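For the numbers below, each heavy atom of this structure counts, side chains included, while hydrogens, waters and symmetry mates do not. Naming convention: chains lettered A, B, ... in sequence-line order (proteins, then strands); numbering from 1 in each chain. Because the structure is predicted, anything quoted here is derived from the model rather than measured.
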Amino acid sequence: MNEKGANIDLLFRNGLKDFEVLPPPGVCDSILSAVKIKSRPYIFLRIAALITILLTLSFLTYRWSRELSVGPSSPVIAFNVPVSLPVIYNPIDNPQYLREEKFVPFKNSSDILTVTDDQATIQKEIETTSSPDQIMNILKTKSLFITNNEATDGLSLTPLITSKENPIKINLPDFQYFPENIITKPEKRWSIAAMASPTYYSSFNSGSDALSKQLVASEQPLVSYSGGVAFSYKISKRFSIQSGLYYSSLGQKVDGINSFSGFQKYDYTKGGTNFEVLTTNGTVYANNPDVFLSSDGTNRVLTAYTNDVFDPKKASLQPINNSLDQNFSYLELPVILRYKIVDKMIGINLIGGLSYNLLVNNSVYTTIDGNRYSIGKTEGLNPLTLSSSLGMGMEYNLSGKLSLNLEPTFRYYLNPFSVTTGSFIHPYSFGIFSGVSYKF
Amino acid sequence: MSEIKKIIKGCLAGNRRDQELLYRRHSAKLYAVCLQYSGNEEEARDILQEGFIKIFENLDHYKHEGSFEGWMRRITVNTALEKFRSRHNLYRVDDIDMIQEPDAEPDNQDYAGLEANDLLEIIRELPTKYRMVFNLYAIEGYSHKEISTMVNISEGTSKSNLSRARVILQRRVGSYTGIKKNVANE
């Protein structure tokens, strides 16, 4: 010994090495509850940060689009304007109507306008004018406004103090366009849409270990779907923000897992699950006591009932299938920005945004003769995932209010469904959403 | 992927089953460490609880380099030290009573028959300041310089505390083995 007292040190070091004392009961629960409480603010902070970013982006986009629309303007002649004339309202009563400077078409001189003011005076003034601007000035000074007059199937000029019982008619000169410095009808800014899509679901796998590769190789995507209701608000001529509620169902088939029924009578263990299956999306716990699971030459099924302990064939268990189906259902809350690239009869939009996906259902089953046979659940799934989406939307306007939509959309899940197995497995999906939207 | 990696990933994802699994696997060893550093079971329980909370909250900092058990043990020991620092003021070399060291150190044979439980009991009977230094030096393998920083004492104090701790332990071990031999003879 080089140091005095080293013997006593060794005695304690060796004697206490690997020494174990069971902690008192209840410590585990208090630890886990404390850990849970501390992790909550982190999630809320992330959500708050995301909402703040989206609101900031929306505000900046709105400001930007406003600046674009207010930019240098020159008189614009409207071509291809529909024959039906716009309805022009009095601005005084309702400030929500937007003020715009533009030309609107008028019918030719044969159109008849109805006024209740002094017909002769107004008619005289209008006939002596030489330009549409001057005519509009007359209308303004007389506090006249133009509105649809269904009774006469045309336009009416009406003073603020109306006297419909005593209408008078005047003729307008034959100008093709009238300048307008008056109030137009409000735009339809809101729309509601019902959309649905079949989706192709798969995942990016960057795990390099043998087990991750083995898991990925044995899994095939199932036909999935997504659908729901979306609301959008037009924040400028080209930008709109969209949210809503979608339900999506995703799934995958796990090959090479043999399932048998009739195991319950051989199972003498109490509680817990007898079989665990490793998948890229978490560990499947078989909570059906009647099912027996084994894998084909891999160690993906974790169980105490290994081949040397229990042989399902000798026990005459009934084979069910050699694959499992994993299914996850999510409620999605998207926040999407849409930018209108083409604004014509067929509109084209660029779509991008984020969605919060809340896990609402998770099941694992296999099929026998077309019927589902429940196996259990996947544990370790993230209850809340965040996905980003990017797409191109086509919009065919059936009328001013109704339109058909077709939106090929790629969605990438920013955090994996589960991190208990594999490494860096990020799911993605591609769907072609179609549906109808209604503007109001 | 190793099983412990799988459990750690599950814990990071907030999977309660994996958290429980991690606790069940390692709590007994870590509780023994806590008992070694504490004067009573209540204190040991507090250290274990605080230590495990830190372990769960810092799992993302574990880089899978070196022993995971060693990493958890270090966190537990640091938690015990924090508790010690918060409860005890600094003490100086002259605080220590001069205890006469025994002339000869007993050899290993004298220790025969002592079990881990006995050793734990003996070590827990040490005054706190001696127990801390002895544990850090003799069991964990820290140097006096490192201990002086960890416990906030001078290197000289660390050396003196260790020396006193050894003297007390040798006496206790001697009397313990004597008692055990007497019990066995009877």
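The list of salt bridge (charged side-chain N to carboxylate O under 4.0 Å, His left out) pairs with a residue in residues 134-150 of chain B, not counting sequence neighbours, reads B:Arg73-B:Glu140. Within the structure, the salt bridge (charged side-chain N to carboxylate O under 4.0 Å, His left out) test picks out the following pairs touching residues 274-288 of chain A (sequence neighbours left out): A:Glu276-B:Arg17.
Listed in order of number, the residues of residues 16-23 of chain A that approach chain B to under 4.5 Å between heavy atoms are A:Leu16, A:Asp18, A:Phe19, A:Glu20, A:Val21, A:Leu22, A:Pro23.
Contacts between B:Leu119 and chain A at a heavy-atom distance below 4.5 Å involve backbone atoms as well as side-chain atoms.
Between A:Gln326 and A:Thr378, the side chains place a donor N or O and an acceptor N or O closer than 3.5 Å (distance only, hydrogens not considered). For A:Glu332 and A:Ser355, the side-chain atoms include no donor-acceptor pair closer than 3.5 Å.
Listed by chain and residue number, B:Gln49 satisfy the side-chain hydrogen bond (donor to acceptor under 3.5 Å, both in side chains) test with A:Ser30 (two or more places apart in sequence, or in another chain).
In this structure, B:Asn135 contributes its side chain and B:Gln36 its backbone to a donor-acceptor pair below 3.5 Å.
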